2 protein chains.
Amino acid sequence: MIRLVVVDDHPIVRGGLRDTFADIEDIVVVGEAGDGAEGIERAKLLAADVVLMDLRMPGMDGVAATAALRKSAPSARVLILTTFDSESDVLPAIEAGAIGYLLKDALPDELMRAVRAAARGESVLAPSVTQHLMGQVRRPRAGTLTDREKEVLQLVANGSSNREAATALFIGEASIKTHLQHIYDKLGVRDRASAVAEGYRRRLLT
Amino acid sequence: MIRLVVVDDHPIVRGGLRDTFADIEDIVVVGEAGDGAEGIERAKLLAADVVLMDLRMPGMDGVAATAALRKSAPSARVLILTTFDSESDVLPAIEAGAIGYLLKDALPDELMRAVRAAARGESVLAPSVTQHLMGQVRRPRAGTLTDREKEVLQLVANGSSNREAATALFIGEASIKTHLQHIYDKLGVRDRASAVAEGYRRRLLT
DNA sequence: CTGCGGATCCACCGAACGGTGGAGGCGTAA
DNA sequence: TTACGCCTCCACCGTTCGGTGGATCCGCAG
């Protein structure tokens, strides 16, 4: 039996979901909430297996609630159910720890399969969401170069060879190479020249 | 007899120079000026052979005055005499058409030899200035990358290897390398990474 | 027509770089 | 304590790059 908590600021939506799961044998809606903070409370109190979470809500939004829930109740899987699939919605939600991301135009059947999958710890994503992820999820997020990495990139931009950068930072050449590899991974490039270009585009360099 | 005009905004300096040349047989200070515009006027009016020009002056500065003088009175040689030898001072002055560049810590003897050299159309540079020039004067000036060179640099910034850039532009890899060498020369760098950095700093790249 | 700048191409070479797959230390958050 | 992220370092290897010194062709301006 999967214990489900529904978090959405629209009563209509909550009601619709309650109905949808009403006569499903292995899923029971044990609680509801109208915003993120309340949702966290209910999920913990009621030992939810899966939390159906809307993103755009007054007060604490879905992303913040998801992140908080991942910390305070890791066993509760958060399944995003929302209207929007823009990059600016999807990425933060995934990063916050959502296990799945569905759109509200999903069929009831898809929704139930997704809930069961989430309960098992599997990910279900709406097709359009998958697109966004393919290219993006790999890069640990723009602008997340560490301070050290930024230093290295700046030196490279200023014309330092690996050896010179190593001398400047009082570390070994091998470390510079490692930092650069990480920089390449994070920026999605393959060489120092385009890393520098990306650095400027993302305003990491001066 | 070398007809000399002194352009400097400090009366003290002008006086010192007048004294310095007072009992020199082949040099006569025929006029003085306190800023660039006045200097141009005097130099033309008095048919100066050599103009001793300060760089930092109120009103029209030495660089602008030098450039203007080169056009309106090409026979007057402009010899820069200033306190500063930073790159940002030296290069514009040379490009503006100055025939020599001395620092104010020069000995009177050096100064006189420089004036005579200037009058003959020869260049005399302070040693530290020479350093700046060696590597820099060749570059025809920032932002003067040809269209082709900008294309190459943009490709490099976007992660292209030389081979890939060659394919993209339907030319040989050797040409890409040549273009890059020219780019390095013009931007004053030694590798593609810092060339890209300079490209962004000079707003040549997007 | 001659010079000059721009664009194209060539060969050769050593040095630097990028890719891979590690490993250990260290502080912090869980 | 256990993870995890970050920083540090290592070896090996093939590829690419940068440096040098040429060369030809074209168009434009003097």
Side-chain angles (χ1 to χ4, degrees), chain A residues 44 67-76 95-97 138-141 143-198, chain B residues 74 95 134-135 137-141 143-198 204:
Chain A
K44 285 157 68 173
L69 207 48
R70 290 310 302 158
K71 293 188 177 178
S72 59
S75 64
E95 285 165 23
R138 313 217 65 152
R139 42 173 160 169
R141 207 72 287 270
T144 55
L145 293 190
T146 67
D147 289 346
R148 201 53 159 174
E149 287 162 354
K150 282 185 219 169
E151 282 185 293
V152 170
L153 186 54
Q154 184 71 60
L155 284 167
V156 167
N158 291 341
S160 293
S161 67
N162 291 344
R163 186 183 310 275
E164 289 164 344
T167 301
L169 296 178
F170 305 107
I171 61 177
E173 202 178 334
S175 301
I176 297 295
K177 295 184 69 173
T178 303
H179 284 310
L180 281 174
Q181 289 301 327
H182 294 162
I183 291 168
Y184 299 158
D185 289 344
K186 289 182 178 181
L187 297 184
V189 301
R190 278 187 309 286
D191 62 77
R192 56 182 46 217
S194 44
V196 167
E198 269 304 303
Chain B
E95 286 163 24
M134 298 302 280
V137 88
R138 316 218 63 155
R139 45 171 160 168
R141 208 60 296 258
T144 55
L145 293 190
T146 67
D147 289 346
R148 202 50 159 174
E149 287 163 353
K150 283 186 218 169
E151 282 185 296
V152 170
L153 186 55
Q154 184 71 61
L155 284 166
V156 167
N158 292 341
S160 293
S161 66
N162 291 344
R163 187 185 309 276
E164 289 164 345
T167 302
L169 296 178
F170 306 106
I171 61 178
E173 201 178 334
S175 302
I176 297 295
K177 295 185 68 173
T178 302
H179 285 309
L180 280 175
Q181 289 299 331
H182 293 163
I183 291 169
Y184 299 158
D185 290 343
K186 290 182 179 180
L187 298 183
V189 300
R190 278 186 306 285
D191 62 76
R192 54 182 49 215
S194 43
V196 168
E198 270 304 304
L204 302 170

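In the text below, chain A, chain B and the rest are named by the order of the sequence lines, each starting its count at 1. This is a predicted model, so every value here is computed, not measured.
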### Message
One character per nucleotide, please: for nucleotides 22-30 of chain C, 5' to 3', B when the base has a protein heavy atom closer than 4.0 Å, S when only the sugar-phosphate does, - otherwise.
### Response
--------S
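A:Ser72 places a side-chain N or O within donor-acceptor distance of the main-chain N or O of A:Ala68, the cut-off being under 3.5 Å. Here the side chain of B:Thr178 pairs a donor or acceptor atom with the backbone of B:Ala174 at under 3.5 angstrom.
Closest heavy-atom contact between A:Ala195 and A:Leu187: O-CD1, 3.7 Å. Scanning both residues, A:Ala157 and B:Ala197, for their nearest heavy atoms gives O-CB, 3.2 Å. Shortest non-hydrogen contact noted between B:Asp191 and B:Ser194 is OD1-N, 3.0 Å.
For B:Tyr184, counting side-chain heavy atoms from C-beta on, the closest listed nucleotide (C:dG18, D:dC7, D:dG18) is D:dG18. Here D:dC7 is the nucleotide among C:dG18, D:dC7, C:dC10 with the atom lying nearest to any side-chain atom of A:Arg148. Checking D:dT8, D:dC6, C:dG18 against every side-chain atom of A:Lys186, the shortest atom distance belongs to D:dC6. Of the candidate nucleotides C:dC17, C:dT8, D:dG18, C:dT8 has the atom lying nearest to any side-chain atom of B:Ile171.
One interatomic measurement links the two molecules: CG of A:Leu169 to P of D:dC7, which rounds to 11 Å at whole-angstrom precision. Look at CD1 on B:Ile176: it is 17 Å from P on C:dG6, rounded to the nearest Å. The distance from atom NZ of B:Lys150 to atom P of C:dA7 is 11 Å, rounded to the nearest whole Å. Atom CD1 in B:Ile183 sits about 10 Å away from atom P in C:dA7, given to the nearest Å. Residue A:Asp185 contributes atom CG, which lies 13 Å from atom P of D:dC6 at whole-angstrom precision. If you measure from atom CD of A:Glu149 to atom C1' of D:dC6, you get 8 Å, rounded to the nearest angstrom. A straight line from CD of B:Glu151 to P of C:dG6 spans 15 Å, rounded to a whole angstrom. The CZ-P distance, from A:Arg192 to C:dG19, rounds to 11 Å in whole Å.
Between D:dT8 and A:His179, a contact under 4.0 Å exists linking OP1 or OP2 to a side-chain N or O. Within the structure, a side-chain polar atom (N or O) of B:Ser175 is placed less than 4.0 Å from OP1 or OP2 of C:dC9. Side-chain N/O atoms of B:Thr146 include none lying less than 4.0 angstrom from OP1 or OP2 on C:dG5. One finds no side-chain N or O of A:Gln181 lying less than 4.0 angstrom from the OP1 or OP2 phosphate oxygen of C:dT20. Note on A:Arg190: every side-chain N or O is 4.0 Å or more away from OP1 and OP2 of C:dG19.
DNA chain C is contacted by A:Ser161, A:Asn162, A:Arg163 of residues 155-166 of chain A, taking any non-hydrogen atom closer than 4.0 Å.
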Got a list of side-chain donor-acceptor pairs under 3.5 Å for residues 161-170 of chain A, not counting sequence neighbours?
{"residue": "A:Ser161", "atom": "OG", "partner": "A:Arg163", "partner atom": "N", "Å": "3.4"}
{"residue": "A:Ser161", "atom": "OG", "partner": "A:Glu164", "partner atom": "N", "Å": "3.2"}
{"residue": "A:Asn162", "atom": "OD1", "partner": "A:Arg192", "partner atom": "NH2", "Å": "2.3"}
{"residue": "A:Glu164", "atom": "OE1", "partner": "A:Ser161", "partner atom": "N", "Å": "2.9"}
{"residue": "A:Thr167", "atom": "OG1", "partner": "A:Arg163", "partner atom": "O", "Å": "3.1"}

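The CG atom of A:Leu153 lies 13.5 Å from the CZ atom of A:Arg148; values are rounded to the nearest 0.5 Å.
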### Task
Could you check B:Leu145 against B:Val152 for side-chain contact (heavy atoms from CB on, under 4.5 Å), going step by step and ending with a plain yes or no?
CA-CA 10 Å; B:Leu145 293 190; B:Val152 170; over 6 Å; no
### Message
Using side-chain contact (heavy atoms from CB on, under 4.5 Å), reason through A:Ile183 and A:Val189 one step at a time and then give a plain yes or no.
### Response
CA-CA 8 Å; A:Ile183 291 168; A:Val189 301; 5.8 Å; no
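Each of B:Lys177 and B:Glu173 lies near DNA chain C, and the nucleotide nearest B:Glu173 is the one positioned closer to the 5' end.
Between A:Glu149 and the options A:Gln154, A:Lys186, A:His179, a side chain to side chain donor-acceptor pair (under 3.5 Å) holds for only A:Lys186.
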